[in-house]
Amino acid sequence: MNDLYLIGSLPGWLVALIGVAAAALLLQQFIGLKKRLPAGQSSFLTALRALVYGVLIFFLLGPALIEKRVTKLRRPLTVLIDGSQSMGFPASSRSAPGDKNAKSRIDLVREKLTAGADQTLLQKLTRDYDLKLVRLGTSLEPISSASLAGLKPQDPGTRLLELLQTAARDNTAPAAGIVVFSDGITNGDKKSLEGGPVLNVPVFAVGVGEAEGFIDVRFAKVGAPEFAFRGREFKIDLTIQASGMKGKSVPLFFNRGKNIITTRTVAVDADPFEQKIALSFTPKDLGTHGFSVTLPAQAGEQITQNNSKEFKVEVQRDKIRILTLSGSPAWNYRFLRMAMKQDPLIELISFVFLRTPTDTVDVPESQLSLIPFPIDDIFLEELKNFDVIFFDDFSHRAYFNPSYLERVRDFVRDGGGLAMLGGPRSFDAGGYGESALNEALPVELDGKGNYQAPATLNVALTAAGKAHPITRLLPDPKANEEAWSKMPALTGMNQVRAARGETLIASTGEGGGAPLLTIGRFGKGRTLALMSDDAWRWNFIAVGNKESPQNHLKLVRQAARWLAQEPSFEQVQLRPIAAAQPGEKTQIKLKVLKDDFTPTRQATVQLRVFSPEGEPTVVAAAADSEEGEYTGEFIPTKEGTHRVEAEASLGGKVLGKDRGSFTVAFAYGETDDGLPRLDLLKQIAETSKGEYFSINDWNDKALERIAAKLESIAPSQLVERRQTRLWSTLWPFAIVLALLSVEWWMRRKWGLI
Amino acid sequence: MLRRNFIRLLSQGVLGSALLPELAFGNHPADKRRLQFVFAQVKYRGGDWNPHPLSVTPLMEELMLRTSVEAATVRHEVSLTDRDLFNYPFLYLTGKYEFDPFSQEEIDILRRFLTYGGFMLIDDALGQQGYGFDKAVRREMLRVFPGNELKRLPAGHAALRSYYLLRRVGGVRIVSPALDGITIGNSTPVVYCQNGLCAAWERDQVGKWTNACTPGGEPQRRDAFHLGINLILYAMTENYKDDLIHVPFIRKRLTR
């Protein structure tokens, strides 16, 4: 279709002036002609000229023909469908709790998109727009219309705000608008619109789920330490949130395993409701303990997954707990106590038998400070809570039944440490040759060994002692040997038949070579035998010789650490493993030392990772560039605490083992809060100049409104104009020429020319 | 010969070896078989370092009778400069009169001895505060630990409950109802009694008490023995009785 437009550039007044001038000329011509011709012929000739002038003036106005061509575009439209786990929650807050037939939020989205008599709404969208269908969760994943039916709410998180920005900035196919179907639950890095960039594409948010009448009580936050120390209280900070439960009281259970530790009652006095609660627990046993906090499912509550939280706490010792039993007050006890009491890593519980059954007292028992030795408490109850037990010149014979020593033996077999220090009540002299403890000791007893008091007893490090961390008093091997050579002589020694374990120190000189300090392993535990009650001389006599007492103190402390299997004294040491997410590569690093405590690259390392259900996975570990360091890689697939066991061997001999654990968890907490955040969706729609719809309003009218909105922002019709300027053609000149030719011909006929 | 010198000879075994062979040899400090404790008495210049030479054996006998400690019944005499001083972590310093100041070497040795785990019981045999032995002891201890003078120990001090639960401080006479001491950190390496413990402990060769205890008589003597035993056990176990496991038992007994 062509339209005529006057697009001349001459001003109107000039054209009008030319018109007036032309009229004047015509008038003058008419008057001139009338003198020579009749009125009819004069008028005819004047009319012809008037036509010529009219045509010329018309073309001065710039007449042009404009042709309009309209093209309609298909807008690019991105439809995001929230496929996170929260979309599996019931769509209606009126659904009966536990009703498996209740429609989920994603079911409702699917139903609404595929509704329609002739054409579904999805088909209409496909018809009207260049449609891109995308699943939204922790990432964006394009899906086809056909796969909509099989779309499951399985994403562990919803990075709604971040991914909307990503979709809006899609440079490959910029969208004219975004339609997002979601419950508004977002748990990415951004939780609100504040501070974020404005969306440059209109977002039409379709809210799924009902916030009105939504009943839920949940743990919004559980702050529990990953590690705790035995005997020390640790705290658990809980944040409890509730919706639609005003006026109700909810019991809270804090359990360890299946045993209830404590209960509380949470009085819900507001809607929405939030309360912070602190719980505490003092662990007594080492190891990994599973705890849980639970809020029983309440009437009308549809989402119960968030009513319970489980967590694990690794209970470690903050101190090495040592029990010493001393047969009598003695200087050896005095200086042993000094070494341990001054060590912040050691917690010492000691019993000194101040009186034997044959000693008599001259006052009533009430005037003595002696306390009864709690045999049953120690050997039947508390022994497991100690890391190391020292028998310091102590004989059980006068005090308790030898069967209690079986407990001590089992304690060592299960991983405890045992040290026996010499004296007239120790080893064979104390009757241990016939006891259950004999097999655990690192020395062989035959019942014949005596306690002897040679005048002087000098000692020297053995080859094993030169490398062992117990006897390494100084880092430099030569300086260490020299320090040992300067140790004051001892004056008392227990004879033993032979060393069963590794001898670190032996006597020298006449009759030398007898083991003096021997270590060994029994079951999972470690044992140490020091065949003298004179070790205090390495401290106090050294002080008298103007030497340092530190060698003795260090020896005692290092022995305690080695017996307690302190990690720094282990040949296989697992490094702490960082928390991971399912599907994420996790590095497990460890250090391996040889028997002489130097690092080795030749060890065979076996790593086993146990899933939360206890399924083992063998992980290959390879030596790193750094000597003694090994690394294995593992990709966890499940959330929960994973246990790691490491074992290293060299030349067929096991160097040691270590255990550790790490947590695997998604960082989102998708199912923690099922309350739809429709307010957030409204905000998104408003700030992006889009529009919010409830899923119930998702119909043809909604499509029309979307279309209108998009149209108002950017019309979908493209108009192409083609202009033809009439004066640029031959037609004006031909008309003028024709008119003038007629006039000329008439003038000639009528004799004017 | 002075009576004191005569008794000293006796204590050194000139006569005692015939009368009490076991005391002289079988349980002598030099024979360390099974001996956990040796009572070492400090010899010094000036004054009288040995006013009651027979006082130690009764205490040691009492110690072995009442407790599990195996001790030498005969004391060991030692000077602060002796090479074997540190073989004896328990030192006993007594006297009646003012004595010569310790040499600087002796002061240094004593400071080292007491700082690193040694213990010294000081006993004023004269019992005159600010005079004689008391004056000299306070002067010398101030040299050993400048700025840390002898102070009264609290009634609940671990030394008063290391074996017996003591409410009184015994001695041959009651000059002070409490003990003085020097405390470093959690430890009290120096305890000073002004009531003449050694005179209360002393018994002659035929077993008679040498000195009468006034005004309390035999119960007061018994308190002196109890204190002696407590201080020896305190030296060997330090604050053992302050350990938490003992506290409720002791508190219960003390409140009876």
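Throughout, a chain's letter reflects where its sequence line sits, starting with A, and its residues are numbered from 1.
For the pair A:M338/B:Y116, no side-chain contact is recorded, criterion being any heavy-atom separation below 4.5 Å from C-beta on. By the 4.5 Å heavy-atom criterion applied to side chains, B:E238 and A:R334 are counted as neighbours.
Atom-to-atom distance recorded for B:L165:CG and A:E365:CD is 11.0 Å, nearest 0.5 angstrom. Distance check, rounded to the nearest 0.5 Å: CH2 of A:W331 to CZ of B:F119 gives 8.5 Å. From A:L368, atom CG reaches atom OG1 of B:T67 across 11.5 Å, with rounding to the nearest 0.5 Å. Here the CG atom belonging to B:L65 is positioned 3.5 Å from the OG1 atom belonging to A:T360, to the nearest 0.5 angstrom. In this structure, the separation between CZ on A:R337 and OG1 on B:T237 is 7.0 Å, given to the nearest 0.5 Å.
Options A:L354, A:V361, A:T356 differ in how many heavy-atom pairs under 4.5 Å they form with chain B, and the most are formed by A:L354. Among A:G327, A:P329, A:P374, A:A330, the residue with the largest count of heavy-atom pairs under 4.5 Å with chain B is A:P329. When A:D533, A:N539, A:I371 are compared by the number of non-hydrogen pairs under 4.5 Å with chain B, A:I371 comes out ahead. For the options A:D362, A:L370, A:I541, heavy-atom pairs under 4.5 Å to chain B are most numerous at A:D362.
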- Task: Might you work through the side-chain contact (heavy atoms from CB on, under 4.5 Å) test for B:H226 and A:Q367, ending with a clear yes or no?
- Result: CA-CA 11 Å; B:H226 288 177; A:Q367 291 181 30; 5.6 Å; no
- Query: What do the steps show when you test B:M64 against A:D359 for side-chain contact (heavy atoms from CB on, under 4.5 Å), and what is the final call?
  - Reply: CA-CA 8 Å; B:M64 286 194 285; A:D359 293 323; over 6 Å; no
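Near-neighbour residues of residues 375-402 of chain A relative to chain B, defined by a heavy atom under 4.5 Å from a heavy atom of that chain, comprise A:D393.
When heavy atoms are compared at a cutoff of 4.5 Å, B:N186 does not approach chain A at all. Using a 4.5 Å cut-off between heavy atoms, B:T115 does not touch chain A at all. Residue B:F225: no heavy atom, backbone or side chain, is found under 4.5 Å from chain A. No part of B:L85 comes within reach of chain A, as not one of its non-hydrogen atoms sits under 4.5 angstrom from that chain.
Across B:R161 and A:S369, no two heavy atoms sit closer than the pair O-OG, 2.8 Å. Across all their heavy atoms, A:V363 and B:R222 have their closest contact at CG1-CZ, 4.4 Å. Minimum heavy-atom separation, B:D243 to A:K341: OD1-NZ, 3.4 Å. Across all their heavy atoms, A:Y333 and B:Y240 have their closest contact at OH-CD1, 3.3 Å.
Between the side chains of B:Q36 and A:S328, a donor-acceptor pair is found at a separation under 3.5 Å.
Atom CZ of B:R168 sits in a sparse spot, with 12 or fewer heavy atoms from other residues, nucleotides or ligands closer than 6.0 Å.
Of the possible donor and acceptor atoms, none in the side chain of B:R112 sits under 3.5 Å from a partner among the backbone N and O of A:G544.
Between A:F540 and B:F86, the ring planes are tilted. Angles from 30° to 60° get that label.
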